[in-house]
Each structure stands twice: as structure tokens, then as C-alpha cells.
2 protein chains.
Amino acid sequence: MSLKHALLGFLSTEPASGFDLAREFGESLGWFWYASHSQIYPELRRLEEQGLVQSTTSTGNPGKQKRTYRLTEAGAAELRSWLEQPTEYAPMRDVERLKLVFLDSAPIDVVRRHLEDHRKHHEDLLAVYSQQLRELHQGVFPRLVKRLASRPASAHPMITGLKVLAMQGNIARARTEIHWAEDALSWLDGMEREGRA
Amino acid sequence: MSLKHALLGFLSTEPASGFDLAREFGESLGWFWYASHSQIYPELRRLEEQGLVQSTTSTGNPGKQKRTYRLTEAGAAELRSWLEQPTEYAPMRDVERLKLVFLDSAPIDVVRRHLEDHRKHHEDLLAVYSQQLRELHQGVFPRLVKRLASRPASAHPMITGLKVLAMQGNIARARTEIHWAEDALSWLDGMEREGRA
DNA sequence: CTTGTCATGTAATTCGTTACATGATTGC
DNA sequence: GCAATCATGTAACGAATTACATGACAAG
């Protein structure tokens with residue numbers, strides 16, 4: 001039930017169309033939640049049926065229809081209540097680790113390639129997150145700017161701080177994965193040397 | 001398509017029943033993959049239709065039916081081919097982080113509770129993983145023992161090593177989350193002090 | 001006039017969760 | 001006799017992916 005609340009959350013910053021939301025949920029490697037447009041459009045309709053959001057079709061531009069959704073009071077209440085409840089942790093499903101434990105009869109180069117891919121993947125993530133953290137600090141990160149705009153200056157440190165915190169968490173994760181992959185690669189080199197000796 | 005390969009992987013150690021597999025996929029906080037029995041039983045039937053596994057019903061015990069699945073040569077080949085292919089990384093979906101970025105108008109105690117829960121969750125995971133790592137090193141971890149049994153001694157360091165590596169990765173992750181949560185809590189305390197000053 | 005971006009949708013399928021359902025065996 | 005564990009399944013629903021489908025507008 002999280003797509004629902006992810007949408008309500010994004011709409012709590014400002015009204016947006018399905019297209020806008022699909023862009024935000026797809027770009028920047030996902031920014032905490034990913035969803036495709038084919039999941040978003042029907043979900044928004046469902047939220048409207050439930051009275052949690054309300055849509056207006058753009059007048060002005062004829063032909064080019066654009067449906068903008070805004071949060072209703074009921075939607076804001078639903079979001080608040082979800083935010084207050086403790087998080088239920090999703091069961092672990094980790095394809096890479098799963099592969100790793102069964103790779104024990106594969107050629108050593110296959111194992112190495114997997115670990116190198118893993119390192120590369122998280123290095124790419126780290127680059128993106130580091131850039132986004134810089135943008136958060138510089139106050140040029142669009143989503144943050146919009147969120148600050150509608151709120152009093154006294155609330156700004158908390159608003160910014162929580163985003164920075166979340167991003168730092170992603171950075172810490174990426175670094176951990178990179179370090180782990182590097183340690184694993186050294187260990188693998190050791191194995192190979194011993195195997196040849 | 002990973003449940004399929006998770007099952008093939010587990011069956012590559014030794015034949016097992018749906019019940020055995022459901023126990024392994026459910027216990028110990030999941031050991032890299034979680035699935036419920038209601039997903040496992042039909043999937044095993046499908047794998048049998050595809051000729052990747054083969055089942056035998058226990059004779060001997062009448063009434064108490066127990067269906068044991070073993071990997072076929074085709075199943076082993078499918079597993080090898082999956083293991084060789086590069087991993088596709090799942091898009092990010094992180095409920096806790098998502099909540100965190102929208103918690104900026106909630107009472108500070110709600111934020112604190114979320115961070116404390118997060119720390120607690122990963123401390124619990126860390127305890128389990130640390131115990132399992134000890135068992136791996138002591139050679140008393142059942143799944144590892146079984147896997148070593150069917151393979152020559154020269155392969156043992158690699159078999160054990162990869163499991164240790166995977167577990168160390170989980171431990172590193174858990175530690176990172178705990179440290180992050182603690183940093184976040186200190187920051188939050190600072191915010192509260194400033195807010196009251 | 002064609003490519004790219006904006007914009008919104010539906011359909012088919014697969015994957016995963018929750019709940020329902022049944023029956024045998026073992027230990028107390 | 002009763003509870004716990006072993007053992008296997010189905011049904012209904014919800015979440016997510018992939019593919020199909022359409023059309024406006026802007027820039028070159």
C-alpha cells in the first residue's frame with residue numbers, strides 16, 4: 001500500500017499531473033520510490049474515487065489535456081496517519097546475494113564479474129546521490145525548493161535536514177556496498193593465488 | 001523470475017520438499033530470499049512441468065504424503081545459466097526513507113520513534129547475522145554443512161568463503177543502518193535543543 | 001515531414017500476500 | 001482427548017511489469 005502514500009506525499013508538496021509524478025518516480029534513480037506511469041495513472045483515479053485527491057483538467061489548452069491532481073483534506077489526513085504508524089519492514093529479497101551463495105561452482109571469473117558489477121552499480125549510485133546532496137545543501141534541489149516555499153522559515157531547517165539525512169543514508173549504503181565489494185574482490189584474488197600455487 | 005532460481009539454487013544442495021523449502025525461505029529472517037508456502041507449492045509444480053525438477057512421493061509412510069523434489073540436469077543447466085548472467089538491479093522502493101522525507105511537519109517525537117525503530121530493527125538483524133556468521137565459521141551452519149558434504153575438499157574454501165562473504169555483507173549493511181540512525185538521532189536532539197532555546 | 005517530448009491511458013500477465021482449508025503424526 | 005508440528009494445497013486479491021495504443025505540439 002505504499003504507492004498510494006508515495007503519491008499522497010508528493011502531492012503534499014504541490015499539485016501535479018500523472019505525467020509529472022511519473023517523471024519524478026522514474027528519474028534520478030528513483031529518489032526512494034519507483035513506479036511506472038502505467039501504475040500511476042490508474043492509482044490516481046482510484047485515489048480520486050476515494051476522495052483523497054481531486055483533479056482538474058487544464059482549460060486554456062484545447063486538445064492537449066492535462067489533468068492536475070491536488071491533495072484534499074482527507075488525503076492530507078490519510079498521509080498524516082500513515083506517517084505516524086510504525087513502518088513494516090519488507091521481507092528480504094536480494095538477488096545478488098542469492099546468486100553469490102550459489103556461485104560456488106562457477107568459474108572464478110564469473111564471481112569476479114559479479115562483484116565488479118556490484119561495485120560499479122553502487123559507484124554510479126554514489127555519484128548521483130553525492131550530486132543530489134550537494135544540490136540539497138546549495139538549496140537548488142527542485143523538490144526541496146518547492147517544499148520550502150509553502151512553509152514558514154522556522155520550519156526550513158527540519159524540512160531540509162530530513163532530506164539531507166535521507167540522502168546521507170543512501171550515500172552511506174552505497175559506500176558500504178562498494179567497500180564490501182572491494183574486500184570481496186581482494187579475498188577472491190587471494191583465493192585465486194592459493195589455487196594456482 | 002527469482003523465486004524460480006532461488007528454488008533451483010536450494011535444490012542444488014540437496015533434494016527437498018515444499019515444506020522444507022518453505023521453512024528455509026521463512027526462517028532466520030529470510031537468508032537472502034523470502035517466500036511463503038502458498039507461493040512455493042505452485043511454483044514447484046510449474047518447475048516440474050518445465051522439467052527443471054522431478055518429484056517423488058514418499059512411499060513407506062502411507063497417508064502422510066511427502067513430495068520430495070530433486071534438480072534435473074535441465075534444472076542444473078538453467079541455474080548455471082542464470083548464475084552467469086549479470087544481475088538486474090531492482091528499482092529502489094524504501095518505505096522508511098519515503099516516510100522520513102515527508103515527516104517534516106510531524107511532531108519531533110514521531111520522527112524520533114521512527115529512527116529508534118529503524119535502529120532496533122537493524123540491531124535485531126545484526127544479532128541474527130552475527131550468530132549465523134559464527135556458525136558458518138564454526139562449521140555448524142546446517143545449509144553450509146550439507147553443501148560441503150557433496151563436494152570435494154578442494155572446493156570447500158570457496159564454498160564456505162562465499163557464504164561468509166554474503167553474511168559479512170549483511171552485517172556491514174546492518175551496521176551502516178545503525179550508525180546512520182544514531183547520527184540522525186543526535187542531529188534530531190540538536191534540532192530539538194535549538195528549537196527550545 | 002520527421003523526430004522528440006509531452007501527455008494519458010488500457011490489457012495481459014506475473015509476482016506476492018492473506019486467508020481459507022484439510023488431514024496425519026507426535027508428545028503430553 | 002488436545003495441542004503442536006508436519007505437510008500440502010487453493011482462492012481471492014493486490015501490486016508491479018511489459019506491451020500496446022493514441023494523439024498534440026515543438027524544433028529542426
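By convention in this document, chain letters (A, B, ...) are assigned in the order of the sequence lines, proteins followed by strands, and residues within each chain are numbered from 1.
- Considering only residues two or more places apart in sequence or on other chains, A/S17 meets the side-chain hydrogen bond (donor to acceptor under 3.5 Å, both in side chains) condition with A/D20.
- Hydrophobic side-chain contacts under 4.5 Å tie B/F19 into a cluster, directly or through other members, with B/Y41.
- Look at CG on B/L44: it is 9 Å from P on D/dT8, rounded to the nearest Å.
- We find the CZ-CG distance between A/R113 and A/L115 to be 10.5 Å, quoted to the nearest 0.5 Å.
- Taking A/D124 as the reference, A/K120 meet the side-chain hydrogen bond (donor to acceptor under 3.5 Å, both in side chains) condition, with sequence neighbours excluded.
- Residue A/S38 places its side chain closer to C/dA11 than to any other of C/dA11, D/dT8, C/dG16.
- Near-neighbour residues of DNA chain C inside residues 9-22 of chain A, defined by a heavy atom below 4.0 Å, number-ordered: A/S17, A/G18, A/F19.
- Atom pair B/L7:CG and C/dG16:P shows a separation of 11 Å (rounding to whole Å applied).
- Under the side chain to side chain contact (heavy atoms under 4.5 Å, CB included) criterion, A/A172 pairs with B/T176, not counting sequence neighbours.
- Following rounding to the nearest Å, A/I40 (CD1) and C/dT8 (C1') show an atom-to-atom distance of 12 Å.
- Contacts of A/R175 classified as side-chain hydrogen bond (donor to acceptor under 3.5 Å, both in side chains), with partners at least two apart in sequence or in another chain: none.
- Every residue meeting the side-chain hydrogen bond (donor to acceptor under 3.5 Å, both in side chains) condition with B/E73, not counting sequence neighbours, appears here in chain and number order: B/R80.
- Judged as a ring-ring contact (aromatic ring centres under 6.0 Å, His included), the pairs with a partner in residues 72-94 of chain A (not counting sequence neighbours) are, in order, A/H5-A/W82, A/Y89-B/H121.
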Do any N or O atoms of the protein come closer than 3.5 Å to N or O atoms of nucleotides 13-15 of chain C, and which pairs are they?
none

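- Every residue two or more places apart in sequence or in another chain that forms a ring pair (Phe, Tyr, Trp, His ring centres under 6.0 Å) with A/F102 is listed here: B/F10.
- Residues from residues 87-97 of chain A lying near DNA chain C, meaning a heavy-atom separation below 4.0 Å, are A/P91, A/R93 in numerical order.
- In this structure, of C/dT10, D/dA7, D/dA16, it is D/dA16 that holds the atom nearest to the side chain of A/L3.
- Put simply, OH on B/Y41 is 17 Å from C1' on D/dA11, counting in whole angstrom units.
- Heavy-atom nearest nucleotides on DNA chain D were determined for B/H37 and for A/A35, and the one closer to the 5' end corresponds to B/H37.
- Taking the ring centroids of B/H118 and B/H122, they lie under the 6.0 Å cut-off.
- In this structure, CD of A/Q65 is placed 15 Å from P of D/dT22, rounded to the nearest angstrom.
- Remark: the A/S36 side chain and the D/dT18 base include no donor-acceptor N/O pair separated by less than 3.5 Å.
- A straight line from OH of B/Y69 to C1' of D/dA7 spans 12 Å, rounded to a whole angstrom.
- Every pair passing salt bridge (charged side-chain N to carboxylate O under 4.0 Å, His left out) that includes a residue from residues 153-171 of chain B is listed here, sequence neighbours excluded: A/D104-B/K163.
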